[in-house]
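Computed from a predicted structure; not experimentally measured. Ligands are counted one by one from 1 in listed order, and the atoms in each one are counted from 1 as well.
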Amino acid sequence: MMQGGEPAEALTAIFRRLIANHGPISVMHYMGESNARYYDGRDPLGAGGDFVTAPEISQMFGELIGLWLADMWIRAGRETPVHYVELGPGRGTLARDAIRAAKRYGLEPGVHLVESSTALKDIQLANVPNAQWHNDLSSIPPYGPLLIVGNEFLDALPVRQLVMTEQGWRERMIAVEGERFVAIAGDKPMDSAVPEARRSAEPGTILETCPGAAAMAYEIAGRLVEQGGAALLIDYGHDEPRTGSTLQAVREHRKIDALALPGEADLTAHVDFSALAPIVQSRGCRWLGTVTQGHWLRQLGIEMRAESLSAYAPEHKDAIHAAKDRLIGEGQMGALFKVMGLAGPNWPDGVGF
Ligand code: SAH
């Protein structure tokens, strides 16, 4: 949170000046800088913030992730030291719930949080006091299996958009028109950036890629092959290639124009899981599967867990079941959200895939 001193200049003004002086900026630049500013200065989660995530809906979410990780680790031979690594841990709620659940099965890993936001690190410290913080995966210990979790992390990484024009493929750029930011086609030919199989398309077609997600998948896979371990990447997205822009902005629980308030709204894009599986496999890492969140949580026994929590706290029965339905309901988070499972070459299959 901003305290005292000069308030930071609005990102809108910075972008306007940049575009006036140097010309349009790429969608990727716009999204990357907007989100860096957005996350650094605030806690966006919860009813009083901009959006609500699965671990904030119910403790069952983090607990079942902790159980999945413990089950993998036990069946792989209980190797130690072992490290829990979470990417973009938000308030630290998922980490806290997962670690508590895993402990009941004898798994007590070192805890490593990869987080860029100073505001969120403070909140994580209160929830997961024994954690170590990292800016990226490079400083995570190079020995011992890694149990990696990322929930709604990849969707925050900047996407690159290419748009088909009458003259061929161009990068999609952000320009200024009067008072507004608008998306336009850039002037440099980008045909060589489009895989040959997808090169012919109707003018107006948009291809979206996420170089940051691809690089992260590549790095995770390399670590799992080297050190052993398993990973769960959970996000809203799709498991087959698609066209079109999925860039969206959310502020105070409502969708707003993605170009309206840079740095003041959460910008996300759907994760293309179909692009990530071949990347991890190319490194010799196991892809356990990509399934819907509803399917995965049901296989992990969320319905039974909701029953036993309700028996323990009957006064919360309705709230517990409503939260479970929100996590697994087809029209809610159950179908749009996907769970991708990865594991080291000698690690077992995972429950739920
Ligand atoms: N996983 C949490 C929070 C999701 S919001 C939950 O489910 O509640 C996205 C998270 O990723 C935030 O913690 C944000 O600060 C972090 N984040 C976004 N971009 C990042 C980056 N480039 N590097 C590290 N963390 C990032």
Side-chain angles (χ1 to χ4, degrees), residues 1 28-66 84-99 111-128 131-140 148-160 210-217 219-220 231-237 247-251 253 262-263 265-271 293 297 323 326-327 333 336-340:
M1 295 292 144
M28 190 154 109
H29 179 164
Y30 176 89
M31 182 176 177
E33 209 164 319
S34 298
N35 270 356
R37 169 74 73 104
Y38 174 75
Y39 281 109
D40 197 46
R42 79 197 74 223
D43 168 16
L45 295 153
D50 291 323
F51 59 97
V52 178
T53 55
E56 303 297 329
I57 291 172
S58 168
Q59 69 186 74
M60 293 185 284
F61 186 76
E63 287 171 351
L64 292 172
I65 288 174
Y84 174 89
V85 179
E86 192 175 332
L87 310 170
R91 317 195 78 195
T93 309
L94 194 168
R96 188 194 60 198
D97 293 340
I99 291 162
V111 179
H112 301 269
L113 305 181
V114 177
E115 177 59 70
S116 57
S117 160
T118 25
L120 286 173
K121 271 183 214 167
D122 285 346
I123 301 172
Q124 292 159 13
L125 179 63
N127 275 324
V128 202
Q132 293 174 47
W133 278 266
H134 303 262
N135 291 325
D136 51 48
L137 283 183
S138 63
S139 52
I140 299 291
I148 303 175
V149 179
N151 184 60
E152 292 211 44
F153 169 71
L154 297 177
D155 70 352
L157 302 181
V159 290
R160 175 189 206 184
C210 187
M216 188 52 81
E219 223 181 317
I220 290 172
L232 291 172
L233 298 172
I234 307 167
D235 240 301
Y236 70 120
L247 182 64
Q248 68 167 45
V250 168
R251 182 172 158 87
H253 307 275
D266 180 44
L267 289 180
T268 59
H270 283 212
V271 173
Q293 177 171 301
L297 289 173
R326 203 165 156 194
L327 293 175
M333 296 174 85
L336 183 55
F337 279 75
K338 310 289 184 294
V339 182
M340 179 186 222

* Asked: With hydrogens left out, which residues have an atom under 4.0 Å from ligand 1, given that only heavy atoms count?
  -> Y39, L45, T53, P55, G88, P89, G90, E115, S116, S117, L120, N151, E152, F153, L157
* **Residue pair L120 / P44, side-chain heavy-atom distance below 4.5 Å** => yes
* Note, Q124 side chain near R91 side chain (heavy atom, < 4.5 Å) -> no
Quick one: does any side-chain atom of [X] pair with a main-chain N or O of [Y] as donor and acceptor, under 3.5 Å?
X    : Y    : result
H112 : L87  : no
K338 : Y236 : no
D235 : L154 : yes

* Asked: Taking only residues two or more places apart in sequence or in another chain, which ones pass ring pair (Phe, Tyr, Trp, His ring centres under 6.0 Å) with F51?
  -> none
